[in-house]
**Q** 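I have a structure here, written as structure tokens, and I will follow up with some questions on it.
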Amino acid sequence: MKKFLSKNKETLLVALTGLVIIVALNIMMLQYHYAAWTNPKVGFWSAFWNRFEISGFDPYTYIVVSKWRTLYVLSRHPLLAGMMWPLSQLNGWLMEETGINCAIFIVGVLLVMCSLCSWLLIYRIMRRLLDMSAKISLLLTFYFYSFSHVMLTIFVEDHMAFTLPLLLLSIYLAGRAIQKGKTMPLWQSLPLLFVSTGITTTNCVKIGLADLFTQWGRKLFGRIVLHFLVYLIPLGVIGYLYFYQQENTQKEEKRNIERTVNRRMQRDSVFAVQWKKEQADNKIRREKQIIHLSFVTNTDYKIDRLPSLVENVFGEGFILHYRYPLRDANKENHRPVLVRYKYWWNYVFEALIVMLFVAGIWCGRKERLMWMVMSMFLFDMLLHVGLNFASADVYIMTAHWAFVIPIAVAYLIKRTTTAPRLNLMVVSTVLFLTFYMWGHNLQIIVQHIIR
């Protein structure tokens, strides 16, 4: 045990630091509508959907674990409902034993596990792939988690928390392969592809990009093509499971929804009017879609891209606004799509984040790892900025791409080691931004959750 502790002291200290923060935030989340969610007086859908409001996240996982239903959009999350089925069965047994709905506790444990994995992986990327010191690696880990909508993934039950550790693991494994001058083996890439794509469909592109950057220039083009043809096996299995669910569980879920809605419309005239209006609005929205595919819905918002980048992508995604804190732009009259900061200095801090990011890209421009994570970032920018996909609440997707920023900053810090004063200035700026964002974002989050 002494030998083990001595050898793994650094990892254990980093893990313990992360665990304390992650558990504390999840305990805080348990206070959010605790009585209404553990002892609901109405159906699970009404209990969670009518009370849950944290940015644009949804409470599907809470509902599915409370009573298993295929609520997730299959085209975007083809296997996620199936992954939640064992947890739903566990919750059913616990409800019989305890007399309360334990969904928030089960999901909380799952979030702690996923978040701790992400915490350790971003640290290892800094420490082992970028060869940063332990202190700078820990600083950049805290910097990454100071971003508001990365911090929220620690305790908010959306699929972002499940996707993040898989993306970071793909970066770490691909980075280790690049470091050793090897390629990413199929026994690593195929399971990652299957699980991550099952959670979020677009993850297959990012796993493929990570794999491609280990293959390119090391194998003949024909060998690379043959390598990626093997991807058709897990993608084919996912496709089969998608159509199976579509023909079975999804049709039954649709019939259940129709029966529930019809019964409520008969006894609630106000709901009937609201439902008809919502359906009419959805029809208009579908007709205005840029791309008529179910997994890229919400591409019709007429939002100017520059204001969206300033206020949402690099704004709300990192530093929460004081106005309409954690409100949902998809709910009528809850929050405008674009919100300006109350204080001018938040724009200065946002500009500093972007400047450090751009400088880091330049410093790492010759590194294969830098361009691997940049390709993932550019793919998301194509979706969310180019196509305006989910542009109303684009900031909730921050965890899908924001890992590129601390990686870029790490290259900046490495490059400036030969200029001690400049290096000190960069590290001090990152330290200041980290402290500010943790304090600012946590204050708003705590006030919203515990009220």
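Below, all heavy atoms of this structure are taken into account, side chains as well, without hydrogens, waters or symmetry copies.
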**Q** Report, as yes or no, whether the 6.0 Å neighbourhood of atom OH on Y322 holds more than 12 heavy atoms from other residues, nucleotides or ligands.
**A**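 Enclosed.
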**Q** May I ask you to decide whether K206 forms a salt bridge with D380, counting only side-chain N to carboxylate O separations under 4.0 Å?
**A**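 The answer is yes: the pair qualifies as a salt bridge.
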**Q** Using ring-ring contact (aromatic ring centres under 6.0 Å, His included), reason through W49 and Y62 one step at a time and then give a plain yes or no.
**A** CA-CA 10 Å; W49 191 264; Y62 280 150; over 10 Å; no
**Q** Could you work out, with ring pair (Phe, Tyr, Trp, His ring centres under 6.0 Å) as the rule, every residue matching H321, not counting sequence neighbours?
**A**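 Per chain and number, H321 pairs via ring pair (Phe, Tyr, Trp, His ring centres under 6.0 Å) with Y341.
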**Q** When you look at CH2 of W371, are more than 12 heavy atoms from neighbouring residues, nucleotides or ligands closer to it than 6.0 Å?
**A**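 Open: at most 12 neighbouring heavy atoms sit under 6.0 Å from CH2 of W371.
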**Q** How are the rings of F403 and F144 set relative to one another: parallel (under 30°), tilted (30 to 60°) or perpendicular (over 60°)?
**A**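 Rings of F403 and F144: tilted, 30 to 60°.
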**Q** Using the rule given for side chain to side chain donor-acceptor pair (under 3.5 Å), can you reason through N312 versus H384, listing the C-alpha separation, both sets of side-chain angles and the distance that settles it, and then say yes or no?
**A** CA-CA 11 Å; N312 289 342; H384 301 306; over 6 Å; no
**Q** Under the ring pair (Phe, Tyr, Trp, His ring centres under 6.0 Å) test, which residues partner F357, sequence neighbours left out?
**A**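 Partners of F357 by the ring pair (Phe, Tyr, Trp, His ring centres under 6.0 Å) criterion, ordered by chain and then number, come out as F377.
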**Q** Going by atom types alone, do E10 and Y123 pair a side-chain donor with an acceptor below 3.5 Å?
**A**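 Per modelled atom types, E10 and Y123 side chains form a pair under 3.5 Å.
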**Q** Looking only at side-chain N and O atoms, does N346 offer a donor or acceptor that is under 3.5 Å from a partner on Y436?
**A**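 Side-chain D/A pair, Y436 to N346: present.
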**Q** Should the heavy atoms of other residues, nucleotides or ligands under 6.0 Å from NZ of K219 be counted, would the total exceed 12?
**A**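 Atom NZ in K219 is packed in, count exceeds 12.
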**Q** Do any N or O atoms from the side chain of E316 and from the backbone of V339 form a donor-acceptor pair under 3.5 angstrom?
**A**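 No; zero donor-acceptor contacts below 3.5 Å.
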**Q** Could you tell me if the ring centre of W401 sits under 6.0 Å from that of F314?
**A**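 Here the rings of F314 and W401 have centres that are less than 6.0 Å from each other.
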**Q** State the CD1-CZ distance between I21 and F155, to the nearest 0.5 angstrom.
**A**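 Here the interatomic distance stands at 12.5 Å.
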